Amino acid sequence: MNGFGAKWENFLRIFFEYKGYEKVLEGLGNTLLIAFLGMFIGLLIGTLIAIVRVLPRYKVLPRILNGIATFYVELFRGTPMVVQLLLFYYVMLPLLGMHMTGVQVAIWVFGLNSGAYISEIMRGGILSVDPGQMEAGRALGLSFWTTMVKIVIPQAVKNILPTIGNEFIALIKETSVVSFVGASDLYVAFNYIGSNSYEFMVPYLVMAAIYLVMVILISILIKQMERSLRRSDRRN
Amino acid sequence: MTAETNMKLIDVIDLEKSFDGKNVLDGISVAINQGDIVVVIGPSGSGKSTFLRCLNCMEDPTGGKIMFDGVNIADMSVNIDVHRRHMGMVFQHFNLFQNKTVLQNIMLAPVHVQLQDLKRNQRKNAWNGLCNLFRSKEKQVAMVPITKTKASINQEARETALKLLERIGLADKADVYPSTLSGGQKQRVAIVRSLAMNPQVILFDEPTSALDPEMVGEVLELMKQVAKEGMTMVVVTHEMGFAREIANKVLFIDGGKILEAGTPEEIFEHPKNARLKEFLSKVLA
Ligand SMILES: Nc1ncnc2c1ncn2[C@@H]1O[C@H](COP(=O)(O)OP(=O)(O)O)[C@@H](O)[C@H]1O
Ligand SMILES: [Mg+2]
């Protein structure tokens, strides 16, 4: 085996002299952008779908909405993320005659995809809230939606925060496939370095380390949020 | 009975309710007048809660009418939220909003509905103002007078809520979360939460059944006070002493029917119905 030291030197050379770090920074930025915005869209879509799926179902409209929501969730949970990226980029956009960058496509697909998963998590969260909370709101003359948004969802979110955190971490890790639609993420950056140095061992090791550190930092952040939420509960 | 010049507040006409084909309420008719304290008694599973919950359509009746202030609120096409603002409800398990402080619990609904009205009136005025530009002098539409602002609504609701908390001796608990209160405190907050809406009637579903015995008294005491101030109340309860002391009308429900109705004296001292006699012998034993 060629000395590891030499490989490391080689990596550093490409990283600094051939502007590898610019690629890495861009990749890191895109990875975070896709994960954060995707999560944001996912939370909005997921919450909306979850509410639709717990609507009382004796009228026609809620039943139709529920059918659509169920179809949506099954669709996005039933196909791999890569396939969704490819379909969005190579099928939907041309059919609609639209153009988007790879990063934009990734943001939307990640949002739509995580929306499906989050809706299931959120639905569980909503169902875990005492039905008496909704009853009390309705009995005071608040509408279903008002009670949902002001009373039930905040309690549901508190219950599911750890699971949502896991979903976010999964999302970050899954961004490693966005190069399929031409978005430059961390993988693209380190692949560039590897190709230029004819050596992939160090670049991929560093890439793994960056993912790991990111995930650990975010886990700590989530733990912190949970703790502060729980504290507000006990305030006296 | 006293001379009834009172006006009818709730008129229940042939109320029916079935769950999955099973008849739980089987043709209930009763008039509730302004100022009435109606106590509903009956064995467990007889349909008392269902009856009470039909009064504000928490359960949608499957037959009959609920006339409230002249409107049949059992009709699915009425906007039930508007009517529920005038009907308070107190639950066995309190159902205070867990994510809100005690003060916020009391203020939430009054502030919300007033802000809703304010926004609706502002929209209406904006629209009418715009249309007036194109109307002749004689056809100008008058503006809805707007006297309140968001801040004044909040301020008023806060003052009302604090006054209510002072009344029940819990002013120092205004900013705590409900999870830190005792059962009796929770239920008293729940009662003033419905009072804050200035309702025309309050419905109570076994308000003391989930309480430790030493806390039943404080809740009943507050209910008596509210009753004496002239609030119309419908109370499902097993507290026969309370019924005797406060009620002016007692309904005995069994098998989804009112088997006997009358004054406390008629019901407790001279019961006629066999099943009522049996029920009383059990609960008063
Ligand atoms: N949501 C529901 N779905 C099905 N059955 C119900 C429901 N609510 C009440 N019931 C049934 O209706 C009957 C009367 O219940 P309820 O009104 O709660 O009685 P009570 O309050 O007098 O104890 C019971 O047999 C109960 O099982
Ligand atoms: Mg009951």
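Since we're looking at a predicted model, the values are computed, not measured. Every chain is numbered from 1 and lettered A, B, ... according to where its sequence line falls, protein lines coming before strand lines.
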### Task
Spell out, as yes or no, whether a donor-acceptor pair under 3.5 Å connects the side chain of Gln133(A) to the backbone of Gln98(B).
yes

#### Entry: Under 4.5 Å from a heavy atom of chain A, the part of Leu96(B) involved
backbone

### Query
Which atoms of Met58(B) come close to chain A, meaning under 4.5 Å heavy atom to heavy atom: side chain ones, backbone ones, both, or neither?
side chain

### Portion of Phe97(B) that has a non-hydrogen atom of chain A nearer than 4.5 angstrom
both

### Query
Taking everything shown except Lys65(B) itself, do over 12 heavy atoms lie less than 6.0 Å from its NZ?
no

### Query
Given a strict heavy-atom distance threshold of 4.5 Å, which part of Asn79(B) is in contact with chain A: side chain, backbone, both, or neither?
neither

### Query
Side chain of Gln84(A), backbone of Thr79(A): donor and acceptor closer than 3.5 Å?
yes

#### Entry: Contact leader toward chain B among Asp130(A), Thr146(A), Val152(A), where contacts are heavy-atom pairs under 4.5 Å
Thr146(A)

#### Entry: Distance, nearest 0.5 Å, that separates CD1 of Ile202(B) from CG of Asn56(B)
12.0 Å

### Task
Taking the six-membered ring of Phe94(B) (Phe, Tyr or Trp), confirm whether the NZ or CZ of Arg193(B) is under 6.0 Å from its centre and within 45° of its axis.
no

### Summary
If one checks every heavy atom of Asn99(B) against chain A at 4.5 Å, the contacting part turns out to be both

### Top contributor to chain A contacts, counting heavy-atom pairs under 4.5 Å, from Met89(B), Met197(B), His112(B)
His112(B)

### Summary
Answer key: most heavy-atom pairs under 4.5 Å with chain B among Glu135(A), Met134(A), Lys150(A) is Glu135(A)

### Task
Report yes or no: does Ser152(B) contribute a side-chain atom to a donor-acceptor pair with the main-chain N or O of Lys148(B) at less than 3.5 Å?
no

